Amino acid sequence: MNKLFETENILLIMRYVFVISMTILSLYPIFWVLSLAFSGSQSLSITELPADPSSWDRIRAIIPWPENFSIQNFIDVLTEQQFGRWLFNSAVVAGATTVFGVFLASTSAYAFSRFRFPGRGVGMMTFLVSQMFPGTLMLIPLYVIIVGWLNLENSYIGLVLVYSVTAIPFCVWMLKGYFDTIPKEIEESAIMDGASQAVIFWKIIVPLAKPAIAVTALFSFMAGWNEFILASIFMSEEQLYTAPVGLKFFVGEHSSMWGYFAAGSVIVSAPVVFLFLYLQKYLISGLTSGGVKG
Amino acid sequence: MKKQFGILVTGLLTLVSLLPINLVHAQSEMKRMLVWHAYRGEEKSAFENVVKRYNKKIEDKKIYFKPLAVPYDAYADKISAAIPRGKGPDVFIFAQDRLGGWIEAGNTLESIDFYAEDEELERFPDSLISTMTYNDTLYGLPFNFKMPAMIYNKKLVKNAPKTTDELTALAEKITDKKIGRFGLAYEYSNFFFHSAILNAFGGKVFQEGGLVSTMVSKENIASVEFMLKWFEQHEILPAEPSSSLITSLFNDGKAAIVFSGPWMLGEISPDIDYAIAPMPIINQLGKAMAPWMSVEGLYISKSSKDKEQSYDFIKYLTSYETALVMGEKGQQLPSNIKVWEHEVMQKNTVAMAFKEQMKTAVPMPNYAQMTLMWSPATTAMNKIVKGTASPKAALLEAQNSISKDIMALSKSH
Amino acid sequence: MKAQVVNNRIFSFIVIFTLAYFAFLHGLNDSVSRLYQQSEVDKAVILSGFTAHKMAGSDSLSLQDAALNLKASNERIADIKVLKLRGAKVIASTQDEDKHQSFPFSLPKDQKSFFDEAKKIKSAYGKTKGGQFLNPLVSYQWLDTASNSILRVVYPYLVNDRFKGVLQVDVLTEPKAVSPYYVIDWFILLVLALACLVFFNKKTLSNVNFKYISVSKNTLNTSVYLFLFLCVAVLLCVRLVHNFQIEQSDAINNITELLKSIELVLANTDMLWINRYGLDMQRLDEVSQPFYLQWMASNTQALMAKLFVYILLSSLLLIFFVSGSAAKTRDAFRENRQAYMYVLPAMLGMLVLVFFPFSYGFILSFTDTTMFNESLSFSERFVGFDNYLAILGDFNLFKELDGQTIINYENFYWTLFITICWTVSNVVFAVGLGLLLALALNDSRIKFRWFFRVALILPWAIPNYITALVWKGMFHQQFGVINQVIQIFGFEPIDWFGSVFTSFLTGLTTNVWLGFPFMMVVILGGLQSISTDMYEAAKIDGANRWQQFKYITLPSLKPTLIPAVILSVVWTFNMFNVIYLVSAGEPAGANEILITQAYKIGFEKMQYAYAAAYSVVIFMILLVYGVFQNKVSKVTDANS
């Protein structure tokens, strides 16, 4: 009995070591971004190394820490341009993309998972295939559709449409896969109770699929949140730009204000972190039993 | 409670996203003309200020110009997408490097030959007018110019070197690879910066007309060998140079001299005491280094609703009073030569140093074929620097590749 | 029910015939009106050339008189206006509005388009000196006035072979005659169609069983319908082409007559317009005949090609309706209305925003479009499969440099090889890391799990433009952090971007770092579908950890994991940013992947069509992979 606990413990410690080392690896480059953002200057500083550096000197050199600590970069980013307005635009666009995309994807995914109809396989493949054509050549045709035909220049809707379409295929496939794991018996018993198809979908399926919906919501949000090129081409009013467009102002032809860019990036990633903090409660099961599952 | 909040947020988001944004300018009966640029910071506010002044001037015409800043990375794509489809700006600002491409593609730029009077063009130096000219046709008015010059750290360099021999000697003294300090730093593997040596040696990347690549000419080889001496023999240059590395080195006092342009000044940290001088004379030639000059032009778009008014606007933007504002407040190097006699400009040592550099600078060619050159040239320079190919072989490879691409383009005429 | 089927067929039959006939009518009408326009333009250009020649002979003082004379002597010349390019001065004009002007005078600002045309013609004329014609030397424009149609031709004005300016000649055109053929065709068609219908309404075919082949009633019906339709269509086509040729020879006779009437004058001039046809004016008689025959043949071919497409489309439509597929589709839709309603909105958006750009790229890939010839018509740019042959048929994997044989990194197969290595390694590492982390973080004994989770998704949350740049900096030979670490352990610093493999690693590391959080989140989501009861049961059965993982965790993850893997293969295959920002394909383009290569071809080399073909090839590779993967994993059909 004692021995078992020991192997358990060793495994647990191994897990800790793994998770902690991965966390350090994933945070390390971000610390460089942070150190640049808080340095108050525009260039990453190159660390002082004496003529004959010892290992200790080198270790000190690789720790990202700004020489001077300043929040000037943040102040400049937020005041020089209407960055707040752009963040708001991004939030509207990414938020609407999330709502719109997840809604459309979940209904489609439900149909793919629960109904057998002609064209089902082809339909599923269509969603997948749509991701396969390289986007670099899509710019002009998309401009023709969104601005030329639909007249959606300077409108949030144009961006929401395009972003949803980029996000939907993954969402459909992910949700369909997840719906497949929900046993049919639950619905069948609901039908016996006289529930309509819509009730089943909204009251039974959607609540059970919360983890998958959380994942797809995060994904859809990111699809709209960090996109730059389409937003800068479809929007021709400065107050309608999104945050990534605003960030790119700091990258010029020959020169770039990397300090501002880093500070802006930190600001831009904050909402994503908060969204994830909110959504992650759906991604925790731990040891609680899965309720109706199984 | 929580659920209701969620529904509320969702509803609001949907509502906002449905709002017709054209409200912003729908109420005005004034005719709106658009002008696109890629400025930010001081340059942007100076430019907006100038546009405001012009709008005041033409108030009674019921027309106004509205500036829009576009991030540089998306700028060319946005223009290529919008203007040929009848959308986009009336006037836009861009460097001359894209000029040839847009003219060959058609439907983008309006020639201004018809509007421009000879007296109006006299305000610019001929070299600037030549950058706006393609196939004997004038396509825009030069707004300002830029080119690399020698920027040095006053702490490390007392007097700016006048010749390359002086520069090399000084840089060798300063360079200490162990602590990562270098006498000279610039993007030597990028042809835009290498052009300073190339032009001094009389090298060219294309024959006149842009249809024949001359990468492997003996002048070009000599110019690359000259650069290689700095890198291999004198070891005064850092490896793998990029614009961000060069700024970092300079800001940390680890690069005494850099070749860079006015675009870098905003990134230099306030602790660094720097000065600017023209690039030195190459001793063996007796000629000064001659970097490519990049000129920002003011163009009228093919889709402009009122081309005559647009011309009047760009004429105003190059006038004396505007050039002064752009030079003083916008930190630009205005193309209107008269302005340089004004005391504000005379007192601006930074600007005057670049003005001095302009005397030797060579306008960068505006052939459409220029875009074919950059990537093979960079590949060749990297190979040469890494020692995997001789200058001649690497440049020959680049020339072959460029010639092949020119063939592919002309085949389809 | 049966009556309904028959009615359906009658209906669809009529619809198809009507459609097809309108298509034919349109095809002919279009061709004839283009023919008419072409011949009018030719005539107008000939007249302008004649005028220009006459004008060039007179000195500048009598230029205005010459113009007035010409106008008076030729009833088809409505107006002449001569523009000297330098200074934009009008040096002669017969227009009413210019009557009181004294020549020369400056061109008014509102006539700038005239100046622009002149400029264009001048630059085209400049280019002819190289012996090659890049642009037409003559431009024309239709002006529609209330009474008659005028062609406005702008023609070079040369004095002693020097380009002085341009002539603008307004030429009255002859009205277009109405074609008498259509009514007859209509009639024939109607009779035929009615005959078919009567015949089929009475006689329904039954199944036929030959010895070896059995043909169902439906197939037989369809083939007979199709056969009949094709008979009628071909008959019509023959008639149409014949009629077209009659119109065409009329037009040509017209032109030759005009040419003959002014032949004497033209004998000594270099007629610039004629270069458009590559004709020598002095040998007009011998040459013009064969030339026009050739022109005629190409026009007829174009018409026939168009008709062929119409017939093909109509046949497909016919088969769709008559074979009952249409009815089946409708029934399927009725039966599964709910399912389709659920799927439709997403599908619709998908089709509009994906299908159109795809077709655009697909069509583009069969042309030789570059920056220089975008404005040419599609048929002039069409090259068939040339681009694909150039991409897939290039096996020059090696080339000579400096006397050594080196790998040709621009070759498609090399790039494909790198792309596959890139995709496989990325997906394997990202999924592996994501899986391990998700499993570890699903263990409730780990404290501060929320912190780890958030920390681990940060690489996904931060804009990758800046983090890719930080990674690039970390790999720098002299100042990079990674080489510092290597030196701590006493090794020599590595030139990361110097060799193919190490440079590959820089991109790989960055992209795995950027990609694993997404996988982790997906797998965390997937793990929630597994009930802990299953593990409990397995434990009771004595399954060990590995067995639990293999028989419970992995199969339960499959429905969510497989789509994520397939899609991330697709995304990684087309991952542009990381390669572009980190290794930039170094050394010497060895580490370019297909998508960065396509970008370079399209946006640096300006060969749009070639880049489009590259993209289509990428698409095909991914499509094959997708279908294959789907077959193997059967994920579309998985259902517990």
Side-chain angles (χ1 to χ4, degrees), chain A residues 12 15 18-19 22-23 26-27 29-30 32-33 46 55 58 61-62 104 107-108 110-111 115 117-118 121 123-124 128 130-134 136-138 141-142 145 165 168 170 173-174 177-178 180-181 211-212 215 226 261-262 265 268-269 272-273 276 280 283 285-287 289-290 293-294, chain C residues 332 336 339 342-343 345-346 349-350 353-354 356-358 360-361 437 440 444-445 452-459 461-463 466-467 470-471 479 481 484 487-488 521-522 524-525 528-529 531-534 559-560 563 567 570 574 595 598-599 612 615 618-619 622-623 626 636 638-640:
Chain A
L12 186 61
R15 276 185 191 189
F18 175 66
V19 169
M22 277 309 293
T23 309
S26 74
L27 288 183
I30 290 166
W32 276 109
V33 177
I46 284 166
S55 293
R58 289 191 193 277
I62 62 170
L104 287 186
T107 52
S108 304
Y110 180 67
F115 299 108
F117 52 90
M124 288 288 289
L128 192 61
S130 70
Q131 301 284 290
M132 291 175 177
F133 197 67
T136 38
L137 278 170
M138 300 274 228
L142 277 180
I145 300 175
V165 166
I168 281 175
F170 168 75
W173 275 70
M174 168 92 195
Y178 203 91
D180 283 349
T181 66
V215 173
N226 273 343
F261 197 98
S265 299
V268 164
S269 54
V272 179
V273 172
F276 184 72
Q280 68 166 339
L283 302 178
S285 70
L287 289 170
S289 173
K293 290 171 209 171
Chain C
N336 303 294
Y342 274 132
V343 177
M350 208 83 249
L353 289 175
V354 176
F356 174 74
F358 174 77
Y360 172 87
L437 284 169
S444 62
R445 288 170 304 172
F452 289 122
R453 267 194 301 260
V454 171
L456 286 167
I457 69 133
L458 279 178
I462 279 209
I466 182 94
T467 43
V470 166
W471 275 102
F479 304 100
V481 166
Q484 299 288 351
Q487 280 165 301
I488 290 175
V521 170
V522 167
L524 269 177
Q528 310 317 311
S529 72
S531 154
T532 41
D533 304 347
M534 285 168 80
T560 46
L567 279 164
V570 173
N574 287 337
I595 182 74
Y599 178 85
S615 305
I618 293 174
F619 171 78
L622 287 172
L623 185 67
T636 31
N639 206 336
S640 55

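What you see below is based on every heavy atom in this structure, not just the backbone, and it leaves out hydrogens, waters and symmetry mates. Keep in mind the model is a prediction, meaning the values are calculated, not measured.
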Contact check, side chains of Tyr360(C) and Ile145(A), non-hydrogen atoms, under 4.5 Å:
no

Heavy-atom nearest pair, Tyr178(A) first then Gly525(C), reads CE1-O, 3.3 Å

If you tally heavy-atom pairs under 4.5 Å between each of Leu128(A), Val215(A), Val272(A), Val33(A) and chain C, the highest tally belongs to Val215(A)

Exercise for the section: Test Phe115(A) against Asn336(C) for side chain to side chain contact (heavy atoms under 4.5 Å, CB included), laying out the working first. Expected result: CA-CA 8 Å; Phe115(A) 299 108; Asn336(C) 303 294; 5.7 Å; no

The interface call for Tyr110(A) against chain C, heavy-atom contacts under 4.5 Å, is side chain

The interface call for Val165(A) against chain C, heavy-atom contacts under 4.5 Å, is both

Closest heavy-atom pair, Ser269(A) versus Ala461(C), reported as atoms and distance to 0.1 Å, is CB-O, 3.5 Å

Note: vs chain A, highest number of non-hydrogen pairs under 4.5 angstrom among Leu524(C), Leu437(C), Val354(C), Thr467(C) is Leu437(C)

Honestly, the part of Val454(C) sitting under 4.5 Å from a heavy atom of chain A is both

Smallest heavy-atom separation, Pro559(C) atom then Gly177(A) atom, equals CB-O, 3.2 Å

Okay, Phe276(A) and chain C: the region with an atom under 4.5 Å from a heavy atom over there is side chain

Looking only at heavy atoms, the pair that brings Phe619(C) and Met132(A) closest together is CD1-CB, 3.6 Å

Checked Gly123(A), Pro29(A), Ala262(A) vs chain C; the most non-hydrogen pairs under 4.5 Å come from Pro29(A)

Bottom line for Val470(C): the part with an atom under 4.5 Å from chain A's heavy atoms is side chain

Closest non-hydrogen atoms of Phe170(A) and Leu567(C), given as atom of the first, atom of the second and distance, are CA-CD1, 3.4 Å

Given Ile30(A), Val268(A), Leu104(A), the one with more heavy-atom pairs under 4.5 angstrom with chain C than any other is Ile30(A)

Heaviest contributor of heavy-atom pairs below 4.5 Å to chain C, chosen from Ala212(A), Ser265(A), Pro141(A), is Pro141(A)

Looking only at Thr23(A), Asn226(A), Ile168(A), the option with the highest number of non-hydrogen pairs under 4.5 Å against chain C is Thr23(A)

Scored by heavy-atom pairs under 4.5 Å with chain A, the best of Phe452(C), Tyr342(C), Phe356(C) is Tyr342(C)

From the list Pro463(C), Ala440(C), Ala455(C), the residue making the most non-hydrogen contacts under 4.5 Å with chain A is Pro463(C)

CG of Leu456(C) to OG of Ser26(A), rounded to nearest 0.5 Å, is 4.5 Å

Cut-off 4.5 Å, heavy atoms of chain A, and the answer for Ile457(C) is side chain

Looking only at Ile466(C), Leu623(C), Asn574(C), the option with the highest number of non-hydrogen pairs under 4.5 Å against chain A is Ile466(C)

